[in-house]
Protein chains: 2
Amino acid sequence: MRARSDVLDHAILGLLHGSPMHGYELRKQLNLVLGSFRALSYGSLYPALRQLAERGLIVGSDAVVEDRPVASKRARIVYQLTAAGKELLGEVLGSAGPSAWDDEEFDVRFAFFAQTDAETRLRILEGRRTRLTERLELVRQSFARGRERMDEYTSELQRHGLEQVEHEVAWLDRLIDTERAGRPARTPGTGSSVGTDPTAGPHRGAATAKPKKE
Amino acid sequence: MRARSDVLDHAILGLLHGSPMHGYELRKQLNLVLGSFRALSYGSLYPALRQLAERGLIVGSDAVVEDRPVASKRARIVYQLTAAGKELLGEVLGSAGPSAWDDEEFDVRFAFFAQTDAETRLRILEGRRTRLTERLELVRQSFARGRERMDEYTSELQRHGLEQVEHEVAWLDRLIDTERAGRPARTPGTGSSVGTDPTAGPHRGAATAKPKKE
DNA sequence: TGCTGATGTATCACCTCGATACATCGAGTT
DNA sequence: AACTCGATGTATCGAGGTGATACATCAGCA
């Protein structure tokens with residue numbers, strides 16, 4: 001079961017669209033872009049790269065160092081998107097379905113907002129906001145219910161978690177306002193989307209919703 | 001390698017000190033106490049319970065339902081702390097070492113602050129604050145370095161992550177002030193610690209520091 | 001020359017998760 | 001009383017992720 005979360009795939013595809021890269025560099029960029037807090041180990045990255053290559057979404061150059069042809073254990077393998085990879089990336093970036101408001105996936109989608117068209121950006125932000133609001137409501141309820149049974153520290157911890165989410169909602173509101181205002185100081189109309197097919201629509205089934213932490 | 005994170009163990013021990021419980025109830029309490037956001041699956045819980053029982057830290061009652069002796073598939077197994085379990089819990093709650101400022105472990109330790117003596121509480125809060133401040137500094141640096149190369153959305157995401165951590169630092173500051181003020185409205189001197197041995201000291205080696213998300 | 005640390009690819013053991021199976025119980029509903 | 005349905009309960013499995021580590025090259029530097 002448990003499908004390999006597409007998050008990593010999408011992040012790799014997105015970065016590779018920027019420019020071809022090898023694993024090590026990819027990891028650095030990933031950790032930079034995806035929040036600076038996350039870890040991401042090679043144990044996930046390299047298998048993911050090989051699997052993406054198998055699926056024909058990316059291709060890796062032969063291992064060359066500069067002059068020496070092979071042999072070297074440190075030979076870099078530079079990956080780049082194939083046509084199929086670009087197409088998939090385009091579909092992903094064009095979609096604004098529920099999967100895009102998941103915690104992790106949202107971060108990735110947001111990181112590539114510059115390659116996403118304005119309408120999709122707005123839909124993702126609003127969807128994310130709704131998702132968080134719903135979660136907030138649930139937590140508030142269970143908090144209210146179990147409040148008496150908790151000591152002051154436990155409830156303080158709850159309260160803080162709530163605050164963190166509220167803080168994110170406020171952040172989203174700011175962004176949504178900015179987007180609605182038409183985003184001045186940027187070429188407004190022609191936000192060059194990446195993909196070939198702007199249709200796409202919400203890919204994949206319902207979101208999996210895996211709240212992890214504050 | 002990769003030791004089973006003690007976090008879950010400590011949480012179980014702490015909850016069981018409150019009152020004996022069976023798995024299902026434990027999970028509910030755990031999800032309530034530990035942030036309401038986390039998931040915690042049975043796939044982690046039941047193995048952890050068995051392992052704790054093997055280590056002699058908890059004991060499970062024989063499966064009984066009320067009258068029917070066994071057989072029933074839904075027979076509850078109520079676990080409770082052994083003497084060894086109480087001792088370990090005492091050591092854990094008495095320690096304020098680096099492991100206690102890890103993201104997850106901190107939450108657990110905080111959740112059981114009511115059973116922790118005042119001095120240890122303060123040391124944990126301060127340690128956590130230092131930890132976050134250090135992380136903040138690191139992220140700020142890498143942010144400043146890579147700033148030019150990121151588009152506005154990526155840097156906005158970074159900024160937001162930074163804000164979330166700053167928010168937590170502010171929260172800690174509030175708590176530290178309160179603790180320093182001596183915590184009125186509570187029996188001040190005699191915070192009844194749980195363990196048998198108030199010595200304890202920072203157990204286990206250096207912290208593993210696994211920043212996960214905002 | 002030898003040391004150290006960053007750059008690189010790769011794998012392993014263990015952990016954790018989501019899903020699921022199976023079974024019982026209480027409370028309504030008809 | 002028989003029926004359904006959702007909460008209560010214990011338990012396991014496959015798949016994916018993680019930290020650690022191995023191995024190897026390279027640049028700088030004393």
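Note: hydrogens, waters and symmetry copies are ignored here, and every other heavy atom, side chains too, is used.
- The ring pair (Phe, Tyr, Trp, His ring centres under 6.0 Å) search around B:Tyr79 returns none, not counting sequence neighbours.
- Rounded to a whole Å, the CG atom of B:Asp9 is 12 Å from the C1' atom of C:dC15.
- If you measure from atom OH of A:Tyr24 to atom C1' of C:dG5, you get 10 Å, rounded to the nearest angstrom.
- Nucleotide D:dA7 holds its C1' atom 12 Å from the NE2 atom of B:His22, rounded to whole Å.
- Using a 4.0 Å cut-off, no side-chain N or O of A:Arg27 falls inside it from OP1 or OP2 of D:dT18.
- In this structure, B:Arg76 places its CZ atom 15 Å from P of C:dT24, rounding to the nearest Å.
- Not a single salt bridge (charged side-chain N to carboxylate O under 4.0 Å, His left out) links B:Arg50 to another residue, sequence neighbours left out.
- Contact between the side-chain N/O atoms of A:Tyr46 and the OP1/OP2 oxygens of C:dT9 is found at a separation under 4.0 Å.
- Between B:Tyr24 and B:His22, the ring planes lie parallel to each other; the angle is under 30°, not in the 30° to 60° tilted range.
- No hydrogens or angles considered: a donor-acceptor pair under 3.5 Å links the side chains of B:Asp151 and B:Thr154.
- For the pair B:Leu8 CG and C:dC17 C1', the computed distance is 13 Å after rounding to whole Å.
- Side chain of A:Ser41, nearest nucleotide from D:dT12, D:dG19, C:dC17: D:dG19.
- Remark on DNA chain C: of its neighbouring residues A:Lys28 and B:Tyr42, the 5'-side contact belongs to A:Lys28, judged by nearest-heavy-atom nucleotide.
- In this structure, B:Leu26 places its CG atom 15 Å from C1' of D:dA11, rounding to the nearest Å.
- An OP1 or OP2 oxygen of D:dG16 is reached within less than 4.0 angstrom by no side-chain nitrogen or oxygen of A:Ser44.
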